[in-house]
Amino acid sequence: MSAASIEQPFSLTAIADEIMERHPGYRVEIIGGHLLATPSPDAPHARALTKLMRPFIAAGLDDGETEVLQNVAVWLPTGDEDYAIPDLVVVDADIDDHFVENNAYDPVCFRLVLEVTSSNWKDDLKTKVGAYAQANVPVYVVVDRKHQRLHVLTDPAEGDYGNHRVYSPGESVTLPDSIGAKVALDVTAIIEAGRSRRT
């Protein structure tokens, strides 16, 4: 008796898991049926993220009805296995009730997603814009370290954001009330935090 070969279904999730196992520290996301692999962030990326968390926490968004979290995956409607892992999120406090699979959560509980760009800055400024808009995430913020700007995208509809404002150093940004509190961001401080201090 011979053993018949059984084909396993193609799974991007299995490939993503294998990449993360072979390359600890890499962030692997699936958007539009494509794998996006990003190396571990550098110190300036982490510094900018820490600087960004402070105003959200000071506004009371990490207590009560909402939480401020890092690296929590949002399930995306762009494909059967699609998910993204934003650097920072503001979510409803009942996020645990919205678990989908593969450590990802239903986008309905996300009030804001935020990315600090790394070497994959084009993904944050293009690929993820459509994905987060399709998921109806109300506010998407991008700290664009390459071009030294901050992007705030709001009003998702039909796979895009209806409002996209770009802010430069010297400006202050007040985020929409829909996130649950008044939060103002100092663009200069955030951009400076994200710059390399290496000489």
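With contacts defined as side-chain heavy-atom distances shorter than 4.5 Å, the pair Leu185/Pro55 qualifies. Taking the side chain as every heavy atom from C-beta outward, Glu192 and Lys51 never approach each other to under 4.5 Å. Within the 4.5 Å cutoff, the side chain of Ser11 has heavy atoms near those of the Glu81 side chain. Side-chain contact between His164 and His151 is present, with heavy atoms from C-beta onward closer than 4.5 Å. Under the 4.5 Å side-chain criterion, counting only non-hydrogen atoms from C-beta, Ser172 is not in contact with Asp186. Put simply, the side chain of Val143 does not reach to within 4.5 Å of the side chain of Thr117, judged on heavy atoms. Counting heavy atoms from C-beta outward, Leu150 and Val166 have side chains that stay 4.5 Å or more apart. Counting only heavy atoms from C-beta outward, the side chains of Tyr167 and Val152 approach each other to under 4.5 Å.
Residues Gly180 and Leu61 come closest through the heavy atom pair C-CD2, 3.7 Å. For the pair Trp75 and Ala104, the tightest heavy-atom approach, listed with the atom from each and the gap, is CE3-CB, 3.5 Å. The nearest pair of heavy atoms linking Tyr161 to Pro138 is CE2-O, 4.1 Å. Looking at every heavy atom in both residues, Val187 comes nearest to Pro169 through CG1-N, 3.6 Å. In plain terms, the two heavy atoms of Ala59 and Ala181 that are nearest each other are O-CB, 3.6 Å. Between Ala193 and Ala48, the closest heavy-atom pair is CB-CA, 3.8 Å.
The side chain to side chain donor-acceptor pair (under 3.5 Å) pairs that include a residue from residues 106-115 are Asp92-Arg111, Glu115-Lys128, Glu115-Tyr132, where partners are two or more places apart or lie in different chains.
Asp94 contributes no side-chain N or O that, together with a main-chain N or O of Asp97, makes up a donor-acceptor pair within less than 3.5 Å. With Ser118 contributing its side chain and Pro41 its backbone, the two residues share no donor-acceptor pair below 3.5 Å. In this structure a side-chain-to-backbone donor-acceptor pair under 3.5 Å is missing from Glu67 to Asp62. Panel note: side chain Asp82, backbone Pro77; no donor-acceptor pair is recorded below 3.5 Å. Of the possible polar contacts, one joining the Glu171 side chain to the Ser168 backbone as a donor-acceptor pair under 3.5 Å is found. For His98 (side chain) and Asp96 (main-chain N/O), no donor-acceptor pair under 3.5 Å exists by modelled atom type. Side chain of Thr66 to backbone of Val91: no donor-acceptor contact under 3.5 angstrom is found.
At most 12 non-hydrogen atoms from other residues, nucleotides or ligands lie less than 6.0 angstrom from CG of Asn103. Counting heavy-atom neighbours within 6.0 Å of Asp80 CG, excluding the residue itself, gives a total of 12 or less.
Side chains of Thr78 and Gln134: no donor on one and acceptor on the other come within 3.5 Å.
Both Leu52 and Val173 belong to a single network of hydrophobic side chains, linked directly or stepwise wherever heavy atoms of I, L, V, M, F, W or Y lie under 4.5 Å apart. Follow the hydrophobic side-chain contacts under 4.5 Å out from Leu49 and you never reach Ile85; the two are in separate clusters. A chain of hydrophobic side-chain contacts below 4.5 Å, direct or via other Ile, Leu, Val, Met, Phe, Trp or Tyr residues, connects Tyr105 to Ile31. The cluster map of Ile, Leu, Val, Met, Phe, Trp and Tyr, joined by side-chain heavy atoms under 4.5 Å apart, puts Met53 and Tyr140 in different clusters. Following chains of ILVMFWY side-chain contacts shorter than 4.5 Å, one can reach Val142 starting from Phe110, so the two form part of one hydrophobic cluster.
For the side-chain contact (heavy atoms from CB on, under 4.5 Å) criterion with Tyr83, the lone passing option out of Val74, Asn102, Val100 is Asn102.
Under the ring pair (Phe, Tyr, Trp, His ring centres under 6.0 Å) criterion, His147 pairs with Trp121, not counting sequence neighbours. Judged as a side-chain hydrogen bond (donor to acceptor under 3.5 Å, both in side chains), and not counting sequence neighbours, Ser40 has no contacts.
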Run the numbers on Ile95 and Val72 for side-chain contact (heavy atoms from CB on, under 4.5 Å), then give the verdict.
CA-CA 10 Å; Ile95 186 171; Val72 174; 3.9 Å; yes
Check the pair Leu88, Leu69 against side-chain contact (heavy atoms from CB on, under 4.5 Å), reporting the backbone distance first and the verdict last.
CA-CA 6 Å; Leu88 185 72; Leu69 305 172; over 6 Å; no
Could you walk me through whether Leu153 and Val139 pass the side-chain contact (heavy atoms from CB on, under 4.5 Å) test, one step at a time?
CA-CA 6 Å; Leu153 298 91; Val139 181; over 6 Å; no
Using the side-chain contact (heavy atoms from CB on, under 4.5 Å) rule, take Val68 and Phe56 through it: C-alpha gap first, then chi angles, then the decisive distance, then the call.
CA-CA 7 Å; Val68 179; Phe56 290 100; 3.8 Å; yes
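In this structure, the separation between CG on Leu112 and CD1 on Ile179 is 5.5 Å, given to the nearest 0.5 Å. Of the inter-residue distances, the one linking Leu36 atom CG with Thr38 atom OG1 reads 6.5 Å to the nearest 0.5 angstrom. The OG1 atom of Thr127 lies 10.5 Å from the NZ atom of Lys122; values are rounded to the nearest 0.5 Å. We find the CZ-CZ distance between Arg145 and Arg195 to be 11.5 Å, quoted to the nearest 0.5 Å.
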